[in-house]
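Remarks on the structure that follows.
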Amino acid sequence: MLDVGMKNIGFLSFGHWSDSPHSATRSASDVLHQSIELAEAVEDLGGDGAYYRVHHFAQQLASPFPLLAAVGARTSRIEIGTGVIDMRYENPLYMAETAGAADLISDGRLQLGISRGSPEQVIDGYRYFGYVPSEGQSDADLARQHTQVLLHVLEGEGFAEPNPRPMFPNPPGLLRPEPHSPGLRDRIWWGAGSRATAEWTAQQGMNLMSSTLLTEDTGVPFHELQAEQIQRFRDAWKEAGHDREPRVSVSRSIFALVDDRDRAYFGGSGGDDQVGYIDGGRARFGKTYAAEPDQLVEQLREDSAVEAADTLLLTVPNQLGVEYNAHVVESILKHVAPELGWR
């Protein structure tokens with residue numbers, strides 16, 4: 001297995017809000033502002049990435065590109081990204097324009113995680129956005145069709161016939177959506193929930209964002225199944241003959257218990273993998289890590305998927321506020337990462 005050693009360490013926020021008196025995010029405005037502030041704080045702490053989940057029809061983050069552009073304008077070093085955008089809902093040409101703009105604002109720091117998405121808050125929600133699978137096509141097929149269009153557009157080749165009498169002068173040849181950001185095509189990640197999907201991801205030349213759950217259960221621990229998925233991705237990448245090194249990320253809930261707040265919130269939260277059902281099939285979910293730093297180090301040494309990935313995204317409890325979530329990330333950067341050789 002590839003020994004990636006040093007790791008990019010960032011956070012992944014689902015962007016929840018609620019009017020609960022215990023929530024630090026009582027509105028969409030709270031979540032958006034705090035998402036930007038947490039990115040700034042994590043950059044100051046020496047972290048490497050700010051990633052956001054996208055869910056529609058929910059009191060969570062949904063429209064990523066205004067947020068990503070704002071984070072890009074307020075930071076200078078960290079990667080900014082999504083984990084993941086549900087491609088069933090997306091107009092791929094408009095997405096190419098907005099992603100290109102966000103990437104240019106951030107000077108090429110966008111890492112765009114996309115996928116078919118997970119079960120949503122409403123039935124077939126993508127239909128309300130105007131997208132309906134063709135006859136004989138599944139919603140997964142629809143997502144992959146949109147993805148193929150996006151990837152093609154991001155290559156930057158012109159394809160649209162210019163108006164012979166345009167409002168403004170055109171460059172010669174066929175036209176493409178603008179703004180175009182060179183290099184963004186190599187920074188597209190697919191959120192894969194199975195080993196077969198990971199192999200497809202490699203064939204398409206996308207980086208692998210291994211899901212927080214796998215839509216299969218072979219009876220082995222989650223991290224072992226995920227490590228096999230990662231290895232299959234790398235094998236398929238090599239077989240496809242791509243001319244760059246791929247990247248792989250995994251997400252984990254990891255809490256170092258270093259003060260009374262940590263123990264109050266997460267003491268006793270660590271446990272085993274969970275097995276459940278998604279879309280009618282068995283699925284395996286990764287466990288939460290919550291322990292004293294020295295115990296965390298020993299536990300994470302045994303996580304073969306984390307070892308195999310070059311990027312670790314820490315899922316943060318965003319409703320506990322910016323200050324506490326910055327503390328969560330800082331505790332890993334300070335007390336855990338150096339002991340594991342990630343820093």
**Prompt:** Any side-chain heavy-atom pair from Phe233 and Leu208 closer than 4.5 angstrom?
**Reply:** yes
**Request:** Treat each ILVMFWY residue as a node, draw an edge where side-chain heavy atoms are under 4.5 Å apart, and state whether Met87 and Leu151 are in one component.
**Result:** yes
**Message:** Quiz question: by atom type and distance under 3.5 Å, do the side chains of Gln203 and Glu239 form a donor-acceptor pair?
**Reply:** no
**Message:** When you compare the side chain of Leu112 with that of Met95, does any pair of heavy atoms fall below 4.5 Å?
**Reply:** yes
**Request:** Work out which heavy atom in Val54 is nearest to a heavy atom in Ala62; give both atom names and the distance.
**Result:** CG1-O, 3.0 Å
**Asked** Below 4.0 angstrom, N of the basic side chain to O of the carboxylate: do Asp303 and Lys287 qualify?
**Response** no
**Asked** Do Leu333 and Val42 have side-chain heavy atoms sitting under 4.5 Å apart?
**Response** no
**Lys/Arg N to Asp/Glu carboxylate O, Arg232 vs Glu228, below 4.0 Å** = yes
**Request:** Say whether Ser18 and Gln319, considering side chains only, have a donor N or O and an acceptor N or O under 3.5 Å apart.
**Result:** yes
**Request:** Give the intermediate values and the outcome of side chain to side chain contact (heavy atoms under 4.5 Å, CB included) for residues Val306 and His223.
**Result:** CA-CA 8 Å; Val306 171; His223 74 95; over 6 Å; no
**Item:** Phe57, CZ: over 12 other non-hydrogen atoms inside 6.0 angstrom
**Value:** yes
**Request:** Spell out, yes or no, whether Val316 and Val31 are grouped together once hydrophobic residues are joined by side-chain heavy atoms under 4.5 Å, including indirect joins.
**Result:** yes
**Residues forming a ring pair (Phe, Tyr, Trp, His ring centres under 6.0 Å) with Tyr265, sequence neighbours excluded** = Tyr324
**Request:** Start with the C-alpha distance between Leu300 and Arg252, add both sets of side-chain angles, then the distance that settles side chain to side chain contact (heavy atoms under 4.5 Å, CB included), and finish with yes or no.
**Result:** CA-CA 10 Å; Leu300 289 167; Arg252 290 289 186 273; 5.6 Å; no
**Message:** Applying a strict under-4.5 Å side-chain criterion to I, L, V, M, F, W and Y, I'd like to know whether Ile114 and Leu110 cluster together.
**Reply:** yes
**Request:** Return yes if a side-chain donor-acceptor contact under 3.5 Å exists between Thr197 and Arg116, otherwise no.
**Result:** no
**For the student: nearest non-hydrogen atoms of Leu312 and Ile254, plus distance** = CD2-CD1, 4.1 Å
**Message:** Quick check for you: to the nearest 0.5 Å, what is the distance between Arg261 atom CZ and Leu320 atom CG?
**Reply:** 9.5 Å
**Request:** Could you tell me whether Gln148 atom CD has more than 12 heavy atoms of other residues or ligands within 6.0 Å of it?
**Result:** yes
**Message:** Set out, in order, the CA-CA distance, both residues' side-chain angles and the distance that settles ring pair (Phe, Tyr, Trp, His ring centres under 6.0 Å) for Tyr128 and His56, then state yes or no.
**Reply:** CA-CA 11 Å; Tyr128 294 100; His56 300 289; over 10 Å; no
**Message:** Any carboxylate oxygen within less than 4.0 angstrom of a Lys/Arg side-chain nitrogen, looking at Lys238 and Asp235?
**Reply:** no
**Request:** Mind checking the CD-CG spacing from Glu97 to Asn91? Nearest 0.5 Å is all I need.
**Result:** 8.5 Å
**Request:** Can you label the angle between the Phe159 ring and the His152 ring as parallel, tilted or perpendicular, going by 30° and 60°?
**Result:** tilted
**Message:** Does any part of the side chain of Tyr51, heavy atoms only, come nearer than 4.5 Å to the side chain of Gln111, both counted from C-beta?
**Reply:** yes
**Request:** Indicate the ring-plane relationship of Trp200 and Trp190, choosing parallel, tilted or perpendicular according to the 30° and 60° boundaries.
**Result:** perpendicular
**Request:** With side chain to side chain donor-acceptor pair (under 3.5 Å) as the test, would you mind laying out the steps for Gln145 and Asp141 before giving the verdict?
**Result:** CA-CA 6 Å; Gln145 177 185 328; Asp141 295 330; over 6 Å; no
**Asked** So do Val250 and Ile230 actually touch side chain to side chain, heavy atoms under 4.5 Å?
**Response** yes
**Item:** 4.5 Å side-chain heavy-atom contact, Val248 and Trp237
**Value:** no
**Request:** Would you kindly confirm whether Phe255 and Val297 end up in one hydrophobic cluster when ILVMFWY residues are joined by side chain heavy atoms under 4.5 Å apart?
**Result:** no
**Message:** In this structure, is the centre-to-centre distance between the rings of His146 and Tyr131 below 6.0 Å?
**Reply:** yes
**Request:** Could you tell me the separation between the OG atom of Ser29 and the CG atom of Leu32, rounded to the nearest 0.5 Å?
**Result:** 7.0 Å
**Request:** Measure the shortest side-chain to side-chain distance between Ser249 and Lys7 over non-hydrogen atoms and say whether it is less than 4.5 angstrom.
**Result:** no
**Asked** Above 12 or not: heavy atoms from other molecules or residues under 6.0 Å from CG of Asp259?
**Response** yes
**Request:** Give a yes or no on whether a salt bridge exists between Arg247 and Glu245, defined as a side-chain N under 4.0 angstrom from a carboxylate O.
**Result:** no
**Message:** To check you understand the geometry: which heavy-atom pair defines the closest contact between Leu257 and Gly267, and what is its length?
**Reply:** CD1-CA, 4.1 Å
**Asked** Do Val258 and Phe266 share a hydrophobic cluster, counting only Ile, Leu, Val, Met, Phe, Trp and Tyr and linking them when any side-chain heavy atoms are less than 4.5 Å apart?
**Response** no
**Message:** I'd like to know if the side chain of Thr25 pairs up with that of Gln34 as donor and acceptor (distance under 3.5 Å, no hydrogens or angles considered).
**Reply:** no
**Message:** Within this structure, what is the CD-CZ distance for the pair Gln231 and Arg195, rounded to the nearest 0.5 Å?
**Reply:** 13.5 Å
**Request:** Would you mind reporting whether Leu142 and Gln137 have side-chain heavy atoms less than 4.5 Å apart?
**Result:** yes
